[in-house]
Amino acid sequence: MTTSTLRTASHTEGVRRPGRWLALSVLVLAVLLVAVDATVLGLATPFLSEDLKPSGTQLLWIGDVYSFVIAGLLVSMGSLGDRIGRKKLLLIGATAFGAVSVLNAYATSPEMMIVARALLGVAGATLMPSTLALIRNLFHDPRERSLAIGIWGAMASAGAAVGPVVGGFLLEHFWWGTVFLINLPVMAVLVLVGIKLIPESKNPNPGPWDVPSVALSLVGMIGLVYAVKELASHGPSLDSGLAALAGAAALAWFVRRQLTLPAPLLDMRLFRHRGFSGAVLADLLTILGLSGLVFFLSQFFQLVQGRQPLEAGLAELPAAVGAVTAGLIAGVVARRFSVRSVVAGGLAAVGLSLAVLTTLDQHTGYPLLGAALLVVGVGAGFAFTVTADVILSSVPKEQAGSASAVSETAYELGAALGIAVLGSIVTGVYRDFATPAGVPSGVASAAHESLGGAVEASGALAPETATALVSAAQEAFVDGLRIAAGVGAAVLLVTAVAAWFLLRGQKLEDGVEH
């Protein structure tokens with residue numbers, strides 16, 4: 001048998017790895033899990049507020065510390081997976097995720113809940129880059145890989161749908177902690193089946209795992225995101241300035257260190273590739289717009305329009321349906337037209353939908369909201385799936401974990417910034433509402449912390465006064481939501497224009513890898 005024949009046989013076997021689609025089905029369980037966990041919290045927020053009585057700031061931390069920690073650790077965990085084995089890291093992380101979910105479910109104070117969410121972020125940081133990197137090594141045919149990435153992205157979106165619906169059902173029949181306990185059966189299936197089906201893969205020559213780089217990336221990401229959050233919530237302050245300075249210095253040191261290490265955690269030279277950088281930027285800002293919108297519409301549907309949790313979850317379903325549908329066909333559409341038209345078009349669709357929400361009021365009908373959510377989902381599905389494909393196919397297989405981590409860092413950082421920046425705008429506007437006459441100072445103080453707090457505090461008042469307080473709080477919340485939607489729309493539309501130029505000439509692979 002000739003060398004050429006041997007190479008062809010080996011290549012065909014690599015392209016058609018037996019069981020690759022079954023292995024993919026297990027990998028997307030992890031994605032589903034992380035997505036469910038992120039979105040279900042939005043619906044549980046009013047119940048958390050009632051039980052744990054967090055302040056407005058603590059409520060924001062409960063909402064976004066999970067994403068902050070994931071964003072800070074993703075690059076490090078992606079690189080660790082390249083070194084010790086992506087399957088091994090995935091299974092360890094999945095087991096830890098299940099265990100820490102129990103701690104979240106039984107949290108008894110806002111502080112305990114914040115710590116539990118942070119630990120869940122540590123476990124979550126091991127899951128996402130591992131799944132995407134394993135897909136890169138399971139699927140060698142670019143068209144098959146595009147479909148696999150589409151399914152991966154679609155399951156993330158499906159998790160965004162399953163989370164509110166399942167969570168809504170649980171919240172109507174059980175206590176809020178059950179929204180975390182649903183992670184356990186999913187984790188059990190992932191670990192038990194994954195041991196058998198998922199092939200191990202890692203970088204054959206990884207070099208040492210650089211602990212100082214891990215610390216620098218964690219300090220840098222958390223410092224910068226904390227600074228943005230504090231600046232948006234309270235304006236310029238010494239705390240936010242010092243956090244921004246420390247974060248920027250740590251990230252600059254991280255970049256400099258990566259450029260000098262023989263085996264860096266993240267090869268910074270990847271960012272010299274215009275398409276790679278453009279895809280990462282588009283990733284980050286697509287999710288910023290989407291996550292901020294979904295997080296606050298959950299509260300709008302329940303606390304402003306008075307829907308039950310299950311109904312509120314179903315009301316957000318169009319976003320997930322749009323994202324799933326677009327994700328599955330994104331690769332085909334990008335090859336038929338172009339990468340830049342699909343990504344820029346997707347970003348513009350999200351931006352225009354957010355612009356429509358600047359007309360929102362307490363009595364806005366569902367047809368408008370449902371249509372806006374559907375368009376947001378379609379736009380995000382197209383943009384996110386194609387950019388993930390661009391990022392993953394632009395690096396050698398050995399660096400798949402690191403490249404996946406960059407994509408996931410953009411995703412999680414976008415989610416954190418969406419909740420932090422847009423949420424801080426909503427909170428800042430909300431806190432300025434005028435308290436109706438006759439409301440005691442203690443009740444007024446609780447009402448100004450959060451909309452959930454206002455609804456809860458109103459129970460101690462006479463019916464007319466309670467109605468006036470809740471109405472004023474709802475109006476202020478909607479005012480903040482409109483302004484946040486306008487800011488999000490402007491950011492997304494500017495990014496759509498930037499993506500059009502940055503992704504010029506970028507194509508998805510057509511041929512089979514050799």
Side-chain angles (χ1 to χ4, degrees), residues 23 26-41 44 61-108 111-135 152 155-156 159 163 177-198 200-202 209 211 214-215 217-218 221-222 265 401-402 404-405 408-409 411-412 415-416:
V26 177
L27 291 177
V28 298
L29 276 177
V31 179
L32 193 68
L33 182 80
V34 176
V36 165
D37 191 79
T39 57
V40 79
L41 187 66
W61 273 111
I62 289 169
D64 56 29
V65 71
Y66 172 73
S67 292
F68 285 178
V69 173
I70 286 185
L73 285 175
L74 273 170
V75 169
S76 302
M77 292 302 181
S79 178
L80 182 62
D82 287 344
R83 286 161 167 75
I84 70 168
R86 293 151 193 150
K87 174 182 176 179
K88 184 185 295 181
L89 186 65
L90 177 72
L91 296 178
I92 291 170
T95 305
F97 200 94
V100 179
S101 293
V102 177
L103 185 62
N104 278 261
Y106 291 98
T108 55
E111 293 80 7
M112 183 178 174
M113 189 69 190
I114 291 168
V115 171
R117 293 286 292 164
L119 290 173
L120 202 64
V122 175
T126 67
L127 299 178
M128 297 296 270
S130 298
T131 59
L132 201 50
L134 286 163
I135 287 171
W152 176 86
M155 286 304 101
T178 55
V179 303
F180 296 105
L181 296 181
I182 58 172
N183 294 338
L184 297 179
V186 180
M187 290 317 331
V189 172
L190 192 157
V191 172
L192 294 173
V193 180
I195 289 171
K196 297 279 188 184
L197 280 182
I198 301 171
E200 184 59 281
S201 73
K202 59 183 176 180
W209 199 54
V211 176
V214 174
S217 72
L218 184 61
M221 295 296 280
I222 291 180
L265 284 190
S402 295
S404 303
E408 289 308 315
T409 300
Y411 184 102
E412 293 299 337

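Start at 1 with the first residue, then count along the sequence.
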Compare every heavy atom of [Y] with every heavy atom of [X], then report the nearest pair and how far apart it is.
X	Y	answer
A118	V69	O-CG1, 3.6 Å
G177	A105	O-CB, 3.2 Å
M77	V122	CE-O, 4.5 Å
A123	G93	CB-O, 3.9 Å
V191	A94	CG2-CB, 3.9 Å

Give, for atom [atom1] of [X] and atom [atom2] of [Y], the distance between the pair rounded to the nearest 0.5 Å.
X	Y	atom1	atom2	result
I114	N104	CD1	CG	11.5 Å
K88	I195	NZ	CD1	13.0 Å
L80	I92	CG	CD1	8.0 Å
L103	R117	CG	CZ	11.5 Å
T95	L90	OG1	CG	9.0 Å
L181	Y106	CG	OH	5.0 Å

Please list every donor-acceptor pair under 3.5 Å in which a side-chain atom of residues 26-35 meets a protein atom from a residue at least two apart or in another chain.
none

- Item | Passing candidate, side-chain contact (heavy atoms from CB on, under 4.5 Å) with F97, options T126, L119, N183 |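 Single pass found, and it is N183.
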